[in-house]
Amino acid sequence: QGQLVETGGGSVQTGGSLRLSCEASGYTYTGGTHCMGWFRRAPGKEREGVAAISSGGARTEYVDSVKGRFTISRDNAKNTLYLQMNSLVPEDTGMYYCAAEAPPCVVVPSVSKYSYWGQGTQVTVYS
């Protein structure tokens, strides 16, 4: 069917930056047809949305806590989704997942709107 593989996680000091990547493989995701998003799960908490992007990349949505600090983007020629994270704070710590949904899809960072998920990459922000 297809696969989503996240990379780029790591440990960073407060105020630092990380860039996450999510490479999509398999016929399901090629051609930039799917809505995609980034999600995270902090220790002891439910998985929550972070950002979402339309199939062509023209539309993006963010949750309030990351607006102005995170940027979601995609390169459909490379079948890759990105999340640039700046000004990181300890509250951003968690496992970060990318997800995809086939059309018709809505561009919202809502867990329930996505069917295909990667395995996650850990982000730790220390003070």
Side-chain angles (χ1 to χ4, degrees):
Q1 288 284 340
Q3 189 176 13
L4 298 172
V5 179
E6 303 96 333
T7 57
S11 294
V12 64
Q13 198 169 17
T14 296
S17 298
L18 284 173
R19 188 193 196 202
L20 306 183
S21 298
C22 170
E23 185 173 356
S25 62
Y27 75 91
T28 305
Y29 307 113
T30 57
T33 59
H34 287 53
C35 297
M36 298 193 75
W38 285 100
F39 299 81
R40 65 187 179 190
R41 175 153 48 200
K45 295 187 177 180
E46 297 291 321
R47 191 176 300 192
E48 65 175 2
V50 174
I53 190 166
S54 59
S55 58
R59 182 181 171 188
T60 58
E61 295 289 339
Y62 299 89
V63 295
D64 287 345
S65 61
V66 307
K67 283 181 181 177
R69 300 189 298 123
F70 291 10
T71 302
I72 188 172
S73 63
R74 65 192 297 168
D75 184 339
N76 287 337
K78 297 181 179 179
N79 292 324
T80 303
L81 175 73
Y82 302 100
L83 185 68
Q84 178 66 45
M85 305 187 295
N86 299 327
S87 301
L88 286 161
V89 296
E91 291 73 22
D92 294 319
T93 293
M95 186 70 76
Y96 281 70
Y97 304 87
C98 69
E101 181 60 32
C105 51
V106 291
V107 184
V108 292
S110 173
V111 173
S112 64
K113 300 299 184 183
Y114 293 82
S115 300
Y116 307 101
W117 293 83
Q119 294 300 307
T121 185
Q122 178 68 36
V123 172
T124 302
V125 185
Y126 56 92
S127 57

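Only this structure's heavy atoms are used, side chains among them; waters, hydrogens and symmetry mates stay out.
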Original post:
Do R69 and V89 have side-chain heavy atoms sitting under 4.5 Å apart?
Top reply: yes

**OP:** Please collect all salt bridge (charged side-chain N to carboxylate O under 4.0 Å, His left out) contacts where either partner lies in residues 116-127, sequence neighbours excluded, each pair once.
**Re:** none

**OP:** Ignoring hydrogens and angles, tell me if any N or O in the side chain of T93 forms a donor-acceptor pair with the backbone of V125 under 3.5 Å.
**Re:** yes

Subject >> Over all atoms of both residues, closest heavy-atom pair of A58 and S54 >> reply: N-OG, 3.3 Å

Original post:
Who passes salt bridge (charged side-chain N to carboxylate O under 4.0 Å, His left out) against R59, sequence neighbours left out?
Top reply: E61

Subject >> Set of residues satisfying side chain to side chain contact (heavy atoms under 4.5 Å, CB included) with respect to R41, sequence neighbours excluded >> reply: R47, Y97

Original post:
How would you list, by chain and number, every residue that makes a salt bridge (charged side-chain N to carboxylate O under 4.0 Å, His left out) with E48, sequence neighbours excluded?
Top reply: R40

Subject >> In one Ile/Leu/Val/Met/Phe/Trp/Tyr side-chain cluster, 4.5 Å: V107, I72 >> reply: no

Original post:
Tell me, do L20 and V123 make a side-chain contact under 4.5 Å, heavy atoms counted?
Top reply: yes

**OP:** For side chain to side chain contact (heavy atoms under 4.5 Å, CB included), just list the numbers for Y62 and V50, CA-CA rounded to whole Å, side-chain angles, deciding distance to a tenth of an Å, and then say yes or no.
**Re:** CA-CA 6 Å; Y62 299 89; V50 174; 5.8 Å; no

Original post:
What residues, two or more places apart in sequence or in another chain, satisfy side chain to side chain contact (heavy atoms under 4.5 Å, CB included) together with R19?
Top reply: Y82, Q84

Subject >> Partner set under salt bridge (charged side-chain N to carboxylate O under 4.0 Å, His left out) for K45, not counting sequence neighbours >> reply: none

**OP:** Enumerate the residue pairs fulfilling side-chain hydrogen bond (donor to acceptor under 3.5 Å, both in side chains) with a member in residues 103-115, sequence neighbours excluded, ordered by first and then second residue.
**Re:** E101-S115, S110-S112

**OP:** List for me each residue that meets side-chain hydrogen bond (donor to acceptor under 3.5 Å, both in side chains) alongside S17, sequence neighbours excluded, and say none if there are none.
**Re:** N86

Original post:
If every non-hydrogen atom of L4 is compared with every non-hydrogen atom of A24, which pair is closest and at what distance?
Top reply: CD2-CB, 3.7 Å

Subject >> Selection residues 39-95 - residue pairs positive for disulfide (SG to SG under 2.5 Å), sequence neighbours left out >> reply: none

Please tabulate, for side-chain N and O atoms in residues 6-15, each donor-acceptor pair with protein atoms closer than 3.5 Å (sequence neighbours left out).
| residue | atom | partner | partner atom | Å |
| --- | --- | --- | --- | --- |
| E6 | OE1 | Q119 | N | 3.1 |
| E6 | OE1 | G120 | N | 2.8 |
| E6 | OE2 | C98 | N | 2.9 |
| E6 | OE2 | G120 | N | 3.2 |
| T14 | OG1 | Y126 | O | 3.1 |

**OP:** May I ask you to test the S55-T33 pair for a side-chain heavy-atom distance under 4.5 Å?
**Re:** no

Original post:
If two hydrophobic side chains count as joined below 4.5 Å and joins carry through other members, does V108 share a cluster with L83?
Top reply: no

**OP:** Could you tell me whether the side chain of W38 reaches within less than 4.5 Å of the side chain of F70, counting heavy atoms only?
**Re:** no

Original post:
Hydrophobic cluster mates of V5, side-chain heavy atoms under 4.5 angstrom, ILVMFWY only, any path?
Top reply: none

